[in-house]
Amino acid sequence: MKRALALVLLLGLTRCGALDESAPTRPTPHACKTVDEDLKPVLDLVAAGQLNHLATLLQTDLDPSSLRAVLRLGLDAAHALPAGTLKKLPDVLSNSGMGGLLPLLTALLEPLPGKPDATPPVPPKTAELQAFSTLAQTCLTSDLFQLLTDLLREPALAPAVDVLLADGLSGAPQLQNALKGSGTSGSAGIVALVHDVMTSMAAPGFDPHPLLTALEGLIDPQAPGILGALDTVMKLATLDAAGQPNAAHLATLQSGAQCLLNADPDGRLVGHLYDVLVGAPIAPMGPSAGKASGTEDLLQLLAYVTEVLAQSQGARDAMGQVFGLILRPDVAVQAVPELVLLLKSDAFTGLFQLIHDLALQPCRNQAVQ
């Protein structure tokens, strides 16, 4: 049980300025909730012994400086937000594409550890886990996070994300039909296609126009759907405002494509993503999931996180260490099911409220009144 409590202690460090030495020593109860109130969903899981392996990892396997860097990432991103943004955080999270992003993330993670207690046992996806772990430790570069920041701040991205989520959660039927029409079908066919695209992208002198032209040829102008959304995302990532190749973005994409090929030469991750998308439909969370306006707000929030990651080597190293460790095959069998359980719980509400309190410091504000 002591090891399980490590997670609580970790989260408790962030309470009311524990990383800020100037925080008040005796906060007014009405200004700051207790740890138990803000983090009750996490505490309930800890008390039930359902996060023991994650707590042990945090306590024994994660470097202390990396642990603080992960916590600092949330605070730095919160402080970077425009004035008044944090006050709107609960509304943004409840009326955004988070309702589609989290179920998709959990659907991707859940099959990886297998089911050792099933009859017959389902083995873990060791190759996929190793590819994910290697990717997390080697491919999360400053340039990649800067590219993500640029994309997240593009106004045209939110509607495209809504379409991608809606079609992806329902099994990507339009994409499957389009690929079949072009002679590509099944997991092996998709893996081969993406491998060819990544190889082409990683080659010197890559020009995105032929690839974009080929994609546009598959789009039905009357119903662009997911292919139209993919076209939008690819143009935002590869072209500048004048429609010419964006040199900085292309250099990042080329190095990223090569890193992906090195980390996953057999295309296991692409095959896993395909299997998840075409499997059972993924139910979005909440009645308002997928609203374009909410998604735009959410993407703007994420842009501040990726911007901090682009600028902070320590934050990138910490993130790579955390996910590289949790997804390592010998660890993931026990850690990933607990991570999935955490993602499916209400814990994020309390965690975001905690960040809200730290950034706005209502304890300090009321103490000086």
Side-chain angles (χ1 to χ4, degrees), residues 135 139-168 172-265 267 269-271 273-274 277 292 295-296 299 302-303 306 310:
L135 196 71
C139 298
L140 302 182
T141 65
S142 173
D143 290 341
L144 176 62
F145 284 114
Q146 185 57 57
L147 170 59
L148 287 174
T149 303
D150 294 343
L151 281 176
L152 290 167
R153 289 181 172 155
E154 288 282 357
L157 183 64
V161 168
D162 283 323
V163 174
L164 291 172
L165 282 175
D167 194 84
Q174 188 190 44
L175 180 60
Q176 289 188 70
N177 291 334
L179 290 172
K180 286 179 181 178
S182 64
T184 301
S185 62
S187 180
I190 300 300
V191 168
L193 175 63
V194 173
H195 185 274
D196 288 345
V197 171
M198 291 294 103
T199 301
S200 174
M201 191 176 292
F206 169 69
D207 181 358
H209 284 111
L211 182 61
L212 292 171
T213 299
L215 178 57
E216 289 171 355
L218 299 174
I219 299 173
D220 179 357
Q222 304 302 316
I226 190 173
L227 294 175
L230 284 172
D231 182 60
T232 296
V233 173
M234 290 185 64
K235 285 179 177 176
L236 292 174
T238 60
L239 304 180
D240 59 22
Q244 297 302 310
N246 185 318
H249 285 187
L250 287 178
T252 300
L253 289 171
Q254 286 191 279
S255 62
Q258 187 60 62
C259 191
L260 176 61
L261 290 170
N262 293 340
D264 183 26
L269 300 185
V270 174
L273 174 61
Y274 176 83
L277 290 180
T295 302
E296 183 175 0
L299 297 183
L302 292 176
T306 57

**Message:** Nearest 0.5 Å, please: how far is CG in L140 from CG in L148?
**Reply:** 9.5 Å
**Request:** Hey, could you give me the CG/CG distance between L157 and L299, rounded to the nearest 0.5 Å?
**Result:** 5.5 Å
**Request:** For residues L227 and L218, report the shortest heavy-atom separation together with the two atoms involved.
**Result:** CD1-O, 3.4 Å
**Message:** To check you understand the geometry: which heavy-atom pair defines the closest contact between G271 and S187, and what is its length?
**Reply:** CA-OG, 3.6 Å
**Within-4.5 Å side-chain heavy-atom neighbours: T295 and L165** = no
**Prompt:** Thinking salt bridges, do E154 and K235 make one under a 4.0 Å N-O criterion?
**Reply:** no
**Prompt:** Looking at side-chain heavy atoms only, is the closest gap between I226 and L164 below 4.5 Å?
**Reply:** yes
**Item:** Exam field: side chain S200 to backbone D196, donor-acceptor pair closer than 3.5 Å
**Value:** no
**Side-chain heavy atoms of L239 within contact of L212, under 4.5 Å** = yes
**Message:** I want to check something: taking the side chain as every heavy atom from C-beta on, are H195 and L261 in contact at a cut-off of under 4.5 Å?
**Reply:** yes
**Complete:** To the nearest 0.5 Å, atom CG of L152 lies from atom CG of L147 at 9.0 Å
**Asked** What is the distance from atom CG of L230 to atom CD of E216, rounded to the nearest 0.5 Å?
**Response** 12.5 Å
**Message:** Quick check for you: to the nearest 0.5 Å, what is the distance between T306 atom OG1 and Q146 atom CD?
**Reply:** 7.5 Å
**Message:** Keeping D264 on the side-chain end and L269 on the backbone end, is there a donor-acceptor pair under 3.5 Å?
**Reply:** yes
**Prompt:** For D207 and P245, which heavy atoms make the closest approach, and how far apart are they?
**Reply:** OD1-CG, 4.4 Å
**Message:** On a heavy-atom basis, which atom in Q258 and which in A202 lie closest, and how many Å separate them?
**Reply:** OE1-CB, 3.6 Å
**Message:** If I take atom CE from residue M234 and atom CG from residue L215, how far apart are they, to the nearest 0.5 angstrom?
**Reply:** 6.0 Å
**Message:** So which atom in C139 and which in L260 form the shortest heavy-atom distance, rounded to 0.1 Å?
**Reply:** SG-N, 4.2 Å
**Asked** What closest approach, in Å, do L151 and V233 show between heavy atoms, and which atom pair accounts for it?
**Response** CD2-O, 4.4 Å
